[in-house]
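Both ligands and their constituent atoms are indexed starting at 1 by order of listing. Quick caveat, the model's predicted, so the values are computed rather than measured.
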Amino acid sequence: MKRDIKSMDVPALEAYFKSMDERPFRAGQVFKWLHTGVKTFDEMTNLSEKLREKLDSEFFITVPELIEKQVSKLDGTIKYLWRTMDANAIESVVMEYAHGNTVCISTQVGCRMGCAFCASTLGGLVRNLAPSEMLDQVLYSQRDAGKKISNVVLMGIGEPLDNFDNVIRFLQILNHPVGINIGARHITLSTCGLPDNIDKLGDYGIQLTLALSLHAPDDETRSRLVPANQGVGVGALIAACERYFEKTGRRVSFEYAMIDGVNDSPHQANLLAEKIRETGGHLNLILLNSVSERDLKPSGNIEAFTKILKQKGINYTIRRSLGGDIDAACGQLRKKALNDKE
Ligand code: SAH
C-alpha cells in the first residue's frame, strides 16, 4: 500500500529520509515541491532519478479534480466542488474580505453531528479527510482563483474536532514556513462543541481563533438544534471555552444562527448575554440560510434581539452573507451534486 506523502509534516519526512540514509534537507525540498501542486514525483527535478523512483514506489500524491465552480456576480465569492481520488465530493469557498482572501474548507466528507438546520449532515458521515485533502483545498483554490489566500477557516462541511488528529497535522503543515505559511492567527476553527477535544486543542497552545457554534443559550433549545449538546450542556461548553482562553490567551468567539421562533426570543437574548458575558468572547450573528429539507426559517427579530444584547454590553457583529446569488446554504453544492448523481 502506497502512503499519502502530502499528509506528512516536515518532521515525518525528515525521519523518512533519515531512515533511507538520505540527507535530511531532502524533506524540505520535497515539502516545497508538494506545495507547488506537483502531480508526480518526476516533476521534482532537483532529486535524482533513483530517488524519484523510490518515492514513487512508496508514496502517492493526492490530486483533486475540479467538478464544478460557481462565481458570484455580486461579490466575487467562488464555490468549488472537488472530486477526491476515491470519487467523493468536497466543497470549498473563496471569499474576499477587506483583511484578505479567505478560503473556507471542509474537514470531512459529510458529517455525523446531525445539527437540525444544516445541510451537510443530511447524508451522515462518509469519512474523514486526510491532511493532504484539506491542504489541497487551500492550494488548488488559491491556484484556480489566482488570488493569494491569507486566511483559512475550517467552517465547511464536517466537524473539525471529530477529525482531530488529521486536523492538527493539517494545521502544522499549513503553518510551516517552507510551505504555504499561514500563521495561526489567520486560521479559524469552527466547532459545534466537543468539550474534551476543545481541551485537547487548548493543550497544543496554537494561536488560532476558536469559534463555537452556540446557536442557543438554553439546553432545551440547543440540544434540539445541535444534538452534540445532549449530555454536555451549555454550561460545560462555556467552561471549556474559558479553559481554552486560560491555556492559549485567545478568546473564543460564538456563532449564532438566528432562527424564527426557535432561538430569537427576548428571554433567549437575555440568557445569551448572561452566559457569554464572562468569557469576553465576540458574538457573530448569522441569519439562518434556509435549507429546503429543513422546516426552519430565518428570524425576523434581529433588531429586538440585538437591542437587548446592546443594553447588556455584548460585542456582536451581524455576519455579512456573501455569494447570495450562487448560494444555497452551507453544504448544498455537494448535496446538489449527489442528488444529480442519484
Ligand atoms: N461543524 C462545525 C463547522 C462547520 S459548520 C461547526 O458546527 O461549527 C459552519 C457554521 O455554519 C456553523 O456555525 C454552523 O452551525 C453554521 N451553519 C450550518 N448550517 C447553517 C445554516 N443553514 N444557516 C446558517 N448557519 C449554518
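Heavy-atom distances between Met155 and ligand 1 reach below 4.0 Å in at least one pair.
Other residues, nucleotides and ligands contribute at most 12 non-hydrogen atoms within 6.0 Å of the CZ atom of Arg112. Surrounding NZ of Lys73 are at most 12 heavy atoms belonging to other residues, nucleotides or ligands under 6.0 Å away.
Of the candidates Lys39, Arg83, Lys6, Asp136 forms a salt bridge (Lys or Arg N to Asp or Glu O under 4.0 Å) with just one, namely Lys6.
Contact annotation: for Glu255 versus ligand 1, heavy atoms closer than 4.0 Å belong to the side chain alone. Residue contacts with ligand 1 for Ile157 are absent, since no atom lies close enough (heavy atoms, distance under 4.0 Å). The side chain of His215, and not its backbone, has at least one atom closer than 4.0 Å to an atom of ligand 1 (non-hydrogen atoms only; side chain from C-beta on).
If you check each of Ala211, Ser213, Cys111, Pro298 against atom 8 (O) of ligand 1, the one with the closest non-hydrogen atom is Ser213. Across the listed options Ser290, Ser190, Gly156, Gly156 owns the non-hydrogen atom lying nearest to atom 4 (C) of ligand 1.
The distance from ligand 1 to the heavy atoms of Gly158 drops below 4.0 Å at these ligand atoms: 1 (N), 2 (C), 3 (C), 4 (C). Close contacts of ligand 1 with Glu159, meaning ligand atoms under 4.0 Å from a residue heavy atom, involve 1 (N), 2 (C), 6 (C), 7 (O). Close contacts of ligand 1 with Cys192, meaning ligand atoms under 4.0 Å from a residue heavy atom, involve 6 (C), 7 (O), 8 (O). Interface atoms of ligand 1 facing Phe117, defined by a heavy-atom separation under 4.0 Å, are 15 (O), 17 (N), 18 (C), 19 (N), 20 (C), 21 (C), 22 (N). Contact atoms of ligand 1 toward Cys118: 18 (C), 19 (N) (distance under 4.0 Å to a heavy atom of the residue).
Remark: aromatic rings of Tyr316 and Phe305 are distant, center separation not under 6.0 Å. A ring-centre distance under 6.0 Å is not found for Phe254 and His215.
The aromatic rings of Phe41 and Phe59 sit tilted relative to each other, their planes meeting at an angle between 30° and 60°.
A heavy-atom distance below 4.5 Å is not found between the side chains of Leu129 and Phe170.
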message: One pair to check against side-chain contact (heavy atoms from CB on, under 4.5 Å): Leu201 and Phe164. What are the steps and the verdict?
response: CA-CA 8 Å; Leu201 181 66; Phe164 192 87; 4.1 Å; yes

